[in-house]
Novice: 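Okay, here's the structure, questions in a sec.
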2 protein chains.
Amino acid sequence: MPDTQSPTRKRIVDAATRLFYAEGIGRVSVDAVAEEAGLTKRTLYYHFKSKDDLIAAYLDGRDQPNLRRMAGWFDAAEGGADRKVEAIFTNLARSARHPKWKGCGFLRTAAELASMPGHPAVKVGARHKLNFETWLAGALSDHGVGEPPALAREIVLLIDGCFSIMLIHRNPDYIEAAGRAAATLVRARISGSQV
Amino acid sequence: MPDTQSPTRKRIVDAATRLFYAEGIGRVSVDAVAEEAGLTKRTLYYHFKSKDDLIAAYLDGRDQPNLRRMAGWFDAAEGGADRKVEAIFTNLARSARHPKWKGCGFLRTAAELASMPGHPAVKVGARHKLNFETWLAGALSDHGVGEPPALAREIVLLIDGCFSIMLIHRNPDYIEAAGRAAATLVRARISGSQV
DNA sequence: TTAGGTATACCGACTAGTGAATATACACAA
DNA sequence: TTGTGTATATTCACTAGTCGGTATACCTAA
C-alpha cells in the first residue's frame, strides 16, 4: 500500500496540478503527468489507482490554498462588509489578468465531468465550494450583516458567474461588475430593508 | 464545395448536438457523431473540415433557440421587471430538474477549451452570451428600469453562476437563490436609489 | 529475506483525419 | 433519345499516433 504522505506522491500531485489546471483534465494524459513529475507511468499507478483518483487528489490539494487566498483578500481589505466583499472581486480581477489564469479548476473539472455527476472529483469540488460558502457566511455574520447564509450564497453565485463568463469573454470588466453587484446585495442587508 | 443548407449537414449537427451536450465535446469522438447521424466519418468530413469546425457549428445552432427560450419566459411572466427577471430563474430551475439537463453547452464548451481562448467555438459562445446580454438590456429598458446595460450584466453573471455551480452541487436551490438576488438588484434600480 | 518503490516494455481500444473509389444527378451535345 | 462530362455527395479501408492501464522484472533498504 503506497504511503499517502510520500514525497513522490506529492511530486505527482504537483505535476498533475500544473498540467490539469493549464490544459484541462481531459486534454492531459497520464503519460504527460508522469513525465512532468519526472518518473514513469508505472510509478504513478503505484501511488494512484486510476486517473480519476489522481484528478480528485489534484482538486483536494487546491481546497485549502484557495480558501486561504480568498479569506486573505477579505481580511486585508479596509472598510465595511460591502468593501471587504468587493475586495475579493477586485483581487480576482487582478489575478485573472495573468496570462496563465484559466478560471476555477473546480468548476472547469465539474464542467468536463458534467455527464458523471457522481465522480469523486466532483464531490471534492462540491465540498470545496461548500467550505467557501460556509466560511463566507461566518465572515459576514462577524460583520453584523443580515441573513449571512442567504447573502453568502448570492455572492458565491456571482463569483462562480465571473469564473465561467471570463472563460468566454476574457474581459475582467465582468468581474468588476460582479463586485459592484455583490456590494449592492451586501448593502441591501446592511440597511436591513427588504429592498 | 459542400452545401451549407444540405439536410445531411443538418443531420450531422443534430447528432453532434445530442452527443456533445450529453457527454461534452472532449468525450465524444467524430466516429460517434457519424454513427449517431447514420453515416460514415468520411461523409462528415466532407461537410466539416475538422472536429473544431463541427463543435462551432453545434454551438451556432443553439444560439437562437436558447435566446428565444429565455425571452419567452421573460415575456410570459406577469408583474414588473423584477418578477419577469425572477421568472427566468424559476423556469431555469424547472428545466434543471430534468435528468438530461447538463448545464449550459456554451459555458461547458468554453471550460473544456480554456487553454484555447481563440477557438472558433469559444467565439461563437461569446457572441451568444453577448446577444443575450444585449437582448436583456433592451427588455429591461422597455420596462423603465435604470441603467439597463449594467443591470443586464449583473443578471447574466447570476445566470451563468447558476449554470456552473449546478454542475457541482446539482441543487436547484441555488437557482432560486440567484433569482431572488436578481430581483433584489432589479428593485435597487427601480427605486432609483443608489443602495 | 522481504517489502516498497521504480523501470522497461507492452496491451487492446480508441483517436482525428485521409486516399481512392464510387454513386447520384443534372447539363448539354449528337 | 442517347451518350458524355462534371460537380456533388458518399463509402470502405486505412494511417500514424495516443489512450488508460498492466505484466514482469529489478533495485535497494530494513
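None of the values given here were measured: they were computed from a predicted structure.
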Novice: When you look at NZ of A/Lys51, are more than 12 heavy atoms from neighbouring residues, nucleotides or ligands closer to it than 6.0 Å?
Specialist: yes
Novice: When the distance from OH of B/Tyr45 to C1' of D/dC14 is rounded to whole Å, what number comes out?
Specialist: 14 Å
Novice: Check the distance between C/dC14's C1' and B/Glu23's CD and give it to me in whole angstrom.
Specialist: 15 Å
Novice: In whole angstroms, how far is the P atom of C/dT18 from the CG atom of B/Leu44?
Specialist: 12 Å
Novice: So, OP1 or OP2 of C/dG5: does either fall under 4.0 Å of a side-chain N or O from A/Tyr46?
Specialist: yes
Novice: I need the CG-P distance between A/Asp31 and D/dG21, as an integer number of Å.
Specialist: 11 Å
Novice: So which heavy atom on B/Val122 is nearest to which on B/Met116, and how close?
Specialist: CG2-O, 4.1 Å
Novice: Given the ring of A/Phe20, does A/Arg108 sit roughly above its face, with NZ or CZ under 6.0 Å from the centre of the six-membered ring and within 45° of the axis?
Specialist: no
Novice: Looking at B/Glu147 and A/Arg180, is there a salt bridge between them, counting it only when a charged N and a carboxylate O are closer than 4.0 Å?
Specialist: no
Novice: Do the numbers put B/Arg153 on top of the ring of A/Tyr174, so that NZ or CZ is under 6.0 Å from the six-membered ring centre and no more than 45° off the axis?
Specialist: yes
Novice: Less than 4.0 angstrom between a side-chain N/O of A/His47 and OP1 or OP2 of C/dG4, yes or no?
Specialist: no
Novice: For the side chain of A/Lys51, counting heavy atoms from C-beta on, which of D/dT10, D/dG20, C/dG17 is nearest?
Specialist: D/dG20
Novice: Strictly below 4.0 Å: does A/Ser50 bring a side-chain N or O up to OP1 or OP2 of D/dG20?
Specialist: no
Novice: Just checking A/Val33: base, sugar-phosphate only, or nothing, at a heavy-atom cut-off of under 4.0 Å?
Specialist: nothing
Novice: Suppose the criterion is salt bridge (Lys or Arg N to Asp or Glu O under 4.0 Å): which pairs have a residue in residues 26-36 of chain A, not counting sequence neighbours?
Specialist: A/Arg18-A/Glu36, A/Asp31-A/Lys41
Novice: Report the residue (A/Lys49 or A/Arg27) whose heavy-atom-nearest nucleotide on DNA chain D is the more 5′ of the two.
Specialist: A/Arg27
Novice: With respect to the phosphate group of C/dT6, does any side-chain polar atom (N or O) of A/Thr8 fall under 4.0 Å of OP1 or OP2?
Specialist: yes
Novice: Using atom names, set out every protein N or O paired with an N or O of nucleotides 7-9 of chain C below 3.5 Å, distance rounded to 0.1 Å.
Specialist:
residue	atom	partner	partner atom	Å
C/dA7	OP2	A/Thr40	N	3.2
C/dA7	OP2	A/Thr40	OG1	3.4
C/dA7	OP2	A/Thr43	OG1	3.3

